[in-house]
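Inspection log for the structure reproduced underneath, given as structure tokens.
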Amino acid sequence: VKVNVRIITATHRDLVTEVAQKRFREDLFFRINVVSLSLPPLRERRDDIALLAGFFIEKFCGKFNKPIKRIAPEVIEAFAGYNWPGNVRELQNVIESAVAIEENETITFKSLPYPILTDSNIHLYGRRKSDKNARTVVGEGEFHGGARAGLDDFSFSPASSGAGTNTSGAAGTFSSIAGVDEAVGVLIANGLSYDEIEKKIIACALKKAKGKQLAAARLLSMGRGEMQYKVKKYKIDASAL
């Protein structure tokens, strides 16, 4: 069967090195490597950041029907100084979240889903060392440790209701990443989607923080703007928790 197709691929790896070290098939490499373009990371082309941010604002204002027209100069300056480890995709996600949250015509630091830290805004997002030892409540059980930190010191106390909730024997405790994986596996096995699991995490953090979004954000080691976005996304009524 004769076909006429164009294949476009992308990778962050050095395929020449991968081929030399036998981690990528040589024959496949030579089949797809016709026109090769090297795109530097966003931190190496900072002049593009403001242009891309403007493009994404226009895109997501249309999607969310928002009146946003500009980004505050200090935010543009912070964007230019940030390293963007997630490159263009990270910038796109930051703008999408900011547009979804912001109700006015200008994106400010408070609109951002997580801190793009500079000397001028660190007071808005400063983390306390004690936050790393916060407890995060998930569903009916408690994870003791810190979200995204200290995972080797987690303990899990499952609810007493129903079979399948106790993931590690009668005591219902674990102190390793494997135990966390097992607990997540139980949630997935019970038919919960990623969004449903995340919604439960956000709701439980808010309940633990007595409805205070900033405190809940600190429990989960996320920015206040990101918490606001999640609450709006999942239509969580903190006052009813």
Side-chain angles (χ1 to χ4, degrees), residues 10-13 23 84-87 89-94 96-98 100-101 112-115 125 127-241:
T11 179
H12 66 281
R13 297 180 181 273
R23 291 196 296 259
W84 299 105
N87 289 306
R89 189 183 302 274
E90 182 183 9
L91 174 61
Q92 174 178 292
N93 291 344
V94 166
E96 180 177 10
S97 177
I101 292 170
L112 303 184
Y114 55 85
Y125 298 104
R127 294 278 201 272
R128 300 173 304 177
K129 290 182 180 180
S130 59
D131 288 346
K132 294 182 179 180
N133 297 320
R135 295 197 313 175
T136 303
V137 182
V138 182
E140 298 293 338
E142 289 186 349
F143 288 90
H144 303 280
R148 306 179 190 176
L151 287 170
D152 290 330
D153 193 33
F154 268 56
S155 63
F156 179 65
S157 305
S160 58
S161 60
T165 56
N166 192 328
T167 62
S168 56
T173 61
F174 58 75
S175 59
S176 68
I177 290 294
V180 178
D181 290 343
E182 190 175 352
V184 173
V186 171
L187 295 174
I188 295 172
N190 283 319
L192 271 70
S193 68
Y194 174 85
D195 280 353
E196 289 170 327
I197 294 171
E198 185 176 52
K199 181 178 179 180
K200 285 183 176 295
I201 292 172
I202 297 297
C204 288
L206 284 166
K207 185 176 181 179
K208 186 72 175 177
K210 299 180 180 178
K212 297 178 180 179
Q213 292 189 16
L214 180 57
R218 283 177 170 161
L219 282 173
L220 298 178
S221 295
M222 65 170 61
R224 176 173 52 189
E226 185 177 3
M227 175 59 69
Q228 291 172 338
Y229 171 68
K230 300 293 185 183
V231 168
K232 179 176 286 189
K233 175 182 178 181
Y234 295 122
K235 298 181 174 62
I236 298 173
D237 182 3
S239 62
L241 297 174

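Computation of the quantities below employed the complete heavy-atom set of this structure, encompassing side-chain atoms and omitting hydrogens, waters and symmetry-equivalent molecules. The residues of the chain are indexed from 1 along the displayed sequence.
- Distance check: Ile202 CD1 to Asp195 CG gives 11.0 Å after rounding to the nearest 0.5 Å.
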Taking it one step at a time, do Lys200 and Leu192 satisfy side-chain contact (heavy atoms from CB on, under 4.5 Å)?
CA-CA 10 Å; Lys200 285 183 176 295; Leu192 271 70; 3.5 Å; yes
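- Every residue meeting the side-chain hydrogen bond (donor to acceptor under 3.5 Å, both in side chains) condition with Arg23, not counting sequence neighbours, appears here in chain and number order: Glu18, Gln21.
- Between Leu214 atom CG and Leu219 atom CG the span is 10.0 Å, to the nearest 0.5 Å.
- Checking side-chain atoms of Asn87 against main-chain N and O of Arg89 turns up no donor-acceptor pair under 3.5 Å.
- Residues Pro113 and Val94 form a side-chain contact, since some pair of their non-hydrogen atoms from C-beta on lies under 4.5 Å apart.
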Start with the C-alpha gap between Ile236 and Lys230, add the side-chain angles, then the distance that decides, and say whether side-chain contact (heavy atoms from CB on, under 4.5 Å) holds.
CA-CA 8 Å; Ile236 298 173; Lys230 300 293 185 183; over 6 Å; no
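- For Gln228, there are no side-chain hydrogen bond (donor to acceptor under 3.5 Å, both in side chains) partners at least two apart in sequence or on another chain.
- The local environment of NZ in Lys233 is crowded, with over 12 non-hydrogen atoms from other residues, nucleotides or ligands closer than 6.0 Å.
- In this view, Lys232 and Glu103 satisfy the side-chain hydrogen bond (donor to acceptor under 3.5 Å, both in side chains) rule, not counting sequence neighbours.
- For the atom pair CG of Leu187 and CD of Glu182, the computed distance is 11.5 Å after rounding to the nearest 0.5 Å.
- In terms of the side-chain hydrogen bond (donor to acceptor under 3.5 Å, both in side chains) criterion, residue partners of Ser193 (sequence neighbours excluded) are, by chain and number, Glu196.
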